[in-house]
Number of protein chains: 2
Amino acid sequence: MEQVKERIRKQFGNLTASQKIISKIAVDKPSLIAIHTAKKIGELTNTSEATVIRFCHSLGYSGYSELQDEIKKSLLMMDQRKGPIQKYRATEDAVTRDNYAHQVIETDIAFLQHGLQQFDYELYQQAIDSIIRANRIVVVGLRWCHIPAKWLFSTLNAIKGNTHLYTGAVDNADYFLTERDQEWLVIAISFPRHPAETIGLVQSAKSLGAKVLAITEGELSPISQAADYLLKVTTPQPAATSGMPTLFSLLNVLIKGVMVHDAANVQKRLQHYDEISSKLYSFVGEDDDFSFY
Amino acid sequence: MEQVKERIRKQFGNLTASQKIISKIAVDKPSLIAIHTAKKIGELTNTSEATVIRFCHSLGYSGYSELQDEIKKSLLMMDQRKGPIQKYRATEDAVTRDNYAHQVIETDIAFLQHGLQQFDYELYQQAIDSIIRANRIVVVGLRWCHIPAKWLFSTLNAIKGNTHLYTGAVDNADYFLTERDQEWLVIAISFPRHPAETIGLVQSAKSLGAKVLAITEGELSPISQAADYLLKVTTPQPAATSGMPTLFSLLNVLIKGVMVHDAANVQKRLQHYDEISSKLYSFVGEDDDFSFY
DNA sequence: GTCAAAATGAAGGATTTACTACATTTTCTG
DNA sequence: CAGAAAATGTAGTAAATCCTTCATTTTGAC
């Protein structure tokens, strides 16, 4: 259907600098091309009418008119399905080929909305404060919880520093033995079926005087008993696959909470991170995104 | 804003029969007028070019051009609010202590809903089919994209097998050299700023005859050009932190798509996985959740 | 049914827009 | 830094579109 974008994608490498600028308009705001003249598009892109037409030729079109017609057509198509409000809700039982995708996303939306309703601000604020107060943080999450754990570890390290990731007993179980004078916070992410090692670590940490922030499925979770702070997360099942969106959304609340606490300082850290990584790695394309980690 | 419809309402009584027909188009499908010529509107309404222009005069416009320009402008206004509702991004700095949590989650919901509206089923089905067809899969995602990449790798390995994770040139760049007779699929996850190494791997893979599925921010992404399949993902910024929920939700659509294709076999694989891991690791608590990985 | 007034359609002139050829600037390479 | 090649902009030509004029058809009142 989107013939134009497909052509741009394929030919993008062969385009000139000016033509790439025009591509941006064509991809992001195709309606501008649909209703404006070639000359105007030239003005909007700080190029010229001729360059716009040459851009069309590069994509294999006979000229601006043909490109414009194609965009007009596809926009009209879009318009067609604006009418009746998304019938996929009504025909839930009619298992058509394309509704499982909607179901997946709608389930995520539903759980996020549910999370929003149940949201206990006080609880989260306590958790956020505990993160801000902590001198040293250990994030633990084993098996599939390693995914969100690693993200949390990396992100906290970027905006705050002094964060460690526990990856297994063999590697690094002895943080607490070496620096017991510090105020440690253990953030444990665990869901059924709970790895025994996660519980073991949490209990050891607790007995060594560390604070524990548990992110888990509920009060009955084995790690909840040892936790000082408990964040309850209800996700679609199975959590290992379908739980990620909900889980990350709530983790992101934590991160944002830490960030707003000392926004200026965080900003400085991130910029520093950015400079360092620019030297270490090479990137391609414009850097309009503020990347860290 | 809707100057045109207002004029039609006021003047409707004074219009001729043909002009009333044209009014219907102008009110119901203004986009048709925005992109079509007066002659064509005449055809669509079974009237003539001249009548369309007289219709414009009746409304007080100098001619078709002026009416068309007015409609174009109002349609562009509409278009501005493309993408997820932007009100939370506008007030980025005005994040007060007690509303940021809601903002985070609501932003995620907004982007998911936007993704739902823009969802192109055909595109995803092609991607899913390519995954199902592939003999061997390599998942690549560097820097922060390593998080979703690792998840995708683990999950695909659980439900399908024969999946590899590319973690860097030093480790393992030579899959393709060793087994070129296989049908390889490279799944690349990359967002600005794009690591040069990701692009390099994608291009090498492409030149060695592998298929490439790109999961990235748009057609202009550097990895899109070499891609056979392109899944466009629009996330809150910065993507490294706030993008996860949206990204995982869409990745989960892929996974579900692969799972439904051969549900019985997948089920068997997962049970096997479960038995193995039960022997390797110890768990605590009831195992009502079907865990894998 | 007839005539007049209004509405409509067809065709030619005027204006805008798309396209092409040439001149100038920028970029690349040795 | 020089020369070549590519890219870009300007200006002039061809084409499409708009708009007006005039002939034809339709409508409505008596």
Side-chain angles (χ1 to χ4, degrees), chain A residues 3-4 7-8 11-26 29-76 284-286, chain B residues 4 7-8 11-26 29-73 75-76 220 222 225:
Chain A
Q3 197 61 46
V4 182
R7 290 200 193 190
I8 290 176
Q11 291 296 327
F12 194 76
N14 305 329
L15 299 179
T16 69
S18 308
Q19 291 176 350
K20 285 179 182 171
I21 297 173
I22 299 171
S23 296
K24 205 166 168 58
I25 291 246
K29 312 264 179 188
S31 50
L32 287 179
I33 294 183
I35 68 176
H36 282 131
T37 76
K39 190 173 188 175
K40 194 130 195 182
I41 297 297
E43 288 172 19
L44 289 173
T45 53
N46 284 319
T47 62
S48 75
E49 185 186 8
T51 304
V52 172
I53 294 173
R54 274 190 280 262
F55 164 75
C56 303
H57 289 158
S58 301
L59 294 184
Y61 292 103
S62 63
Y64 186 71
S65 304
E66 198 186 347
L67 171 85
Q68 199 182 34
D69 283 348
E70 187 127 344
I71 290 179
K72 283 177 179 176
K73 261 191 293 182
S74 74
L75 282 186
L76 284 183
V284 173
E286 76 266 58
Chain B
V4 182
R7 290 200 193 191
I8 291 175
Q11 292 295 326
F12 195 77
N14 305 328
L15 299 180
T16 71
S18 308
Q19 290 176 349
K20 284 178 183 173
I21 296 173
I22 300 172
S23 296
K24 200 166 168 58
I25 292 250
K29 311 263 181 187
S31 52
L32 287 177
I33 294 183
I35 67 176
H36 282 132
T37 148
K39 190 174 188 174
K40 194 130 196 184
I41 297 297
E43 290 171 16
L44 289 173
T45 53
N46 284 318
T47 64
S48 75
E49 185 186 9
T51 305
V52 172
I53 293 173
R54 275 191 279 263
F55 164 75
C56 302
H57 290 158
S58 300
L59 295 184
Y61 292 104
S62 65
Y64 186 71
S65 303
E66 198 185 349
L67 172 86
Q68 199 182 34
D69 283 348
E70 187 126 344
I71 291 179
K72 282 177 178 175
K73 262 190 293 181
L75 283 186
L76 283 185
L220 304 187
Q225 289 118 52

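Residue numbering restarts at 1 for every chain, and letters A, B, ... go by the order of the sequence lines.
Close to D:dT20, at under 4.0 Å from its OP1 or OP2, lies a side-chain N or O of B:His57. Between B:Ser65 and the phosphate of D:dC19, there is a side-chain N or O to OP1/OP2 separation shorter than 4.0 Å. OP1 or OP2 of D:dT8 sits under 4.0 Å from a side-chain N or O of A:Ser18. In this structure, A:Thr16 reaches the D:dT8 phosphate: one of its side-chain N or O atoms is under 4.0 Å from OP1 or OP2.
Here the CD-CD1 distance, from A:Gln68 to A:Ile41, works out to 8.0 Å after rounding to the nearest 0.5 Å. In this structure, B:Lys24 NZ and B:Ile21 CD1 are separated by 10.5 Å, a value rounded to the nearest 0.5 Å. One distance of note links OG1 of A:Thr47 with CD1 of A:Ile22; it measures 4.0 Å at 0.5 Å rounding. Taking CD1 of A:Ile71 as the reference point, atom CG of A:Leu32 lies at 9.5 Å (rounded to 0.5 Å).
Atom pair A:Ile53:CD1 and C:dT20:C1' shows a separation of 9 Å (rounding to whole Å applied). Distance A:Glu66 CD to C:dT17 C1': 17 Å, rounded to the nearest Å. For the pair A:Ile21 CD1 and D:dA7 P, the interatomic distance rounds to 14 Å; values are reported in whole Å. Atom CZ of B:Phe55 is separated from atom C1' of C:dT8 by 16 Å (rounded to the nearest Å). Rounded to whole Å, atom P of C:dT26 lies 15 Å from atom CG of A:Asn46. Atoms NZ (A:Lys39) and C1' (C:dT20) sit 16 Å apart, rounded to a whole Å. One can place CD of A:Gln68 at 17 Å from P of C:dT16, the figure rounded to the nearest angstrom. Distance, B:Leu67 CG to D:dC18 P: 11 Å, rounded to whole Å.
Across all strands shown, B:Thr51 has heavy atoms under 4.0 Å from sugar-phosphate atoms exclusively, and none from any base.
Annotation: of the two residues near DNA chain C, B:Gln19 and A:Glu49, the 5′-most nearest-nucleotide partner is B:Gln19.
Ranking D:dC18, D:dT8, C:dT20 by closeness to the B:Thr37 side chain, first place goes to D:dC18. Side chain of A:Arg54, nearest nucleotide from C:dT8, D:dC19, C:dA21: C:dA21. When distances run from any side-chain atom of B:Ala50 to the nucleotides D:dT20, C:dA18, D:dA7, the shortest one goes to D:dT20.
At a threshold of 4.5 Å between non-hydrogen side-chain atoms, the residues A:Ser31 and B:Leu75 do not count as touching.
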